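Structure, as structure tokens:
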Amino acid sequence: MNTQERMSRLLWRKSILALAVVILASCFGDAEAQRIAKVPSKRYTGPGTTPNLRNIVVGRCYHYMSLYPATGVKDCNRIWQELTDAVFRKDPCNITEEDYQKLAQVTEQTIPCDKSLLWSRTNDLVHRYTKATESFMTLEDTFLGFLFNGLMWCGRTAGPGMNYNACPAWNECANNSRSSFWKMASATFAKASCGTVNVMLNGSTDGAIARKESILRTVEIPSMNPNTVSNVKLWVIDDIEGQDKNSCNSESLLELQQYIEEHNLTYSCIDNYKPVTALQCVENPNHHACNQCSIL
Ligand code: AVW
């Protein structure tokens with residue numbers, strides 16, 4: 001066999017070997033891909049990530065700064081980046097409040113004393129009230145709350161990006177991407193609150209005035225600083241058409257008072273705070289409770 005023949009045989013062997021390697025690799029690659037595809041992706045019961053989430057969050061960020069210049073200049077793209085860093089490539093049932101700490105830092109805001117308005121079981125009324133008066137601020141009126149209010153999001157373990165098909169519902173797992181976020185945001189707001197902190201409660205609901213597992217009880221009251229919060233003032237508001245099931249001297253309120261005082265905070269309570277009753281009367285002007293003589 002001459003040199004040329006030996007060279008061509010060597011080349012032929014190398015080509016066969018390379019081909020075998022390619023075929024084997026693609027077989028194993030396919031097998032791996034099929035194995036992954038066969039693992040059933042976990043189904044969550046909540047809706048998936050809100051479509052166009054990035055545009056909504058970044059748009060709200062610029063909108064808030066234009067509405068409230070006192071917010072200062074925030075880096076809206078960095079805020080999006082911190083959200084994705086908190087949830088991308090992670091199990092949506094294993095996201096903690098700590099995962100959102102950087103997001104909390106880049107959205108930091110000074111909360112004016114005496115302006116915080118917390119709430120429990122009054123979601124609709126409290127926000128109608130702060131829109132109408134602008135004299136108080138709920139969590140959803142703060143920069144962080146405004147950015148994410150009403151939105152849904154979760155990542156996926158398979159790679160970067162959001163899961164647009166389904167996300168865990170609020171109670172589906174303890175540390176889910178949505179509930180951990182709102183706990184972190186509520187704690188941040190309560191810690192930053194000072195002076196009198198107001199709380200709007202619903203005097204017409206059955207059962208406890210604030211659920212045992214409510215964010216108000218489990219996160220906000222324990223997060224307030226007794227050195228900077230001078231008073232926790234509860235407003236117990238009855239539905240205009242509803243019954244007066246709870247008032248400041250009800251057992252449920254006295255129990256909440258004790259809980260507040262156990263956290264070294266000072267308590268006060270007012271039934272049917274008139275500015276809120278007046279707002280209820282805008283929509284029910286003929287109701288007997290809206291008679292000028294009864295609200296004045
Ligand atoms: P709430 P909180 N499923 O009226 O004190 C779905 O009792 O808790 O008031 N969503 C839930 C669930 C649940 N089981 N539990 C709570 N939520 C969410 C931040 C949901 O978005 C503010 F600063 C529901 O509308 C207030 O001071 C909301 O929690 C305080 O937390 C209200 O439940 C209100 O939370």
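One-based numbering, in listed order, for ligands and for the atoms of each. These numbers were taken from a predicted model, which means no experiment stands behind them.
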Mode of Trp119 contact toward ligand 1 - side chain, backbone, both, neither (heavy atoms, under 4.0 Å): both
Flag Phe189 as yes when one of its N or O atoms lies below 3.5 Å from any N or O atom of ligand 1, and as no otherwise. no
Considering non-hydrogen atoms of the protein only, which is the closest contact for atom 8 (O) of ligand 1, and what is the distance? Ile215 N, 2.9 Å
Step through it carefully: locate the ring centre of Trp119, locate the ring centre of Tyr129, and say whether they are under 6.0 Å apart. no
For Ser116, does its backbone N or O pair with a side-chain atom of Ser193 as donor and acceptor, under 3.5 Å? no
Counting heavy atoms only, which part of Ser186 comes closer than 4.0 Å to ligand 1: side chain, backbone, both or neither? side chain
Heavy-atom distance under 4.5 Å between the side chains of Leu234 and Ile260, does that happen here? yes
Measure the shortest side-chain to side-chain distance between Val219 and Trp182 over non-hydrogen atoms and say whether it is less than 4.5 angstrom. no
How far apart are the C-alpha atoms of Asn231 and Ser268, what are their side-chain angles, what is the distance that settles it, and do they pass the side chain to side chain donor-acceptor pair (under 3.5 Å) test? CA-CA 7 Å; Asn231 182 28; Ser268 65; 3.0 Å; yes
Please list the nearest protein heavy atom to atom 6 (C) of ligand 1 with its residue and the distance rounded to 0.1 Å. Trp170 CB, 3.3 Å
Atom indices of ligand 1 within 4.0 angstrom of Leu216 heavy atoms, with elements: 5 (O)
So between Glu220, Arg211, Glu213, whose heavy atom ends up nearest atom 16 (C) of ligand 1? Arg211
Does the N or O separation between Leu139 and ligand 1 drop below 3.5 Å for any pair? no
For ligand 1, which atoms sit closer than 4.0 Å to a heavy atom of Asn123? 25 (O)
For atom 4 (O) of ligand 1, closest protein heavy-atom neighbour: Arg121 N, 2.8 Å
Audit row: Gln81, Asn77, side chain to side chain donor-acceptor pair (under 3.5 Å) steps and yes/no: CA-CA 6 Å; Gln81 185 63 49; Asn77 288 307; over 6 Å; no
Which atoms of ligand 1 sit under 4.0 Å from any heavy atom of Leu118? 27 (O)
I'd like to know if Glu255 and Lys212 make a salt bridge, using a cut-off of under 4.0 Å between side-chain N and carboxylate O. yes
Is there a donor-acceptor contact under 3.5 Å from the side chain of His263 to the main chain of Leu265? no
From the list Trp153, Trp80, Tyr64, Tyr100, ring-ring contact (aromatic ring centres under 6.0 Å, His included) partner of Phe148 resolves to Trp153
So which bit of Asn171 gets within less than 4.0 Å of ligand 1, heavy atoms only: side chain, backbone, both or neither? side chain
protein heavy-atom neighbour closest to atom 5 (O) of ligand 1 works out as Ser120 OG, 2.7 Å
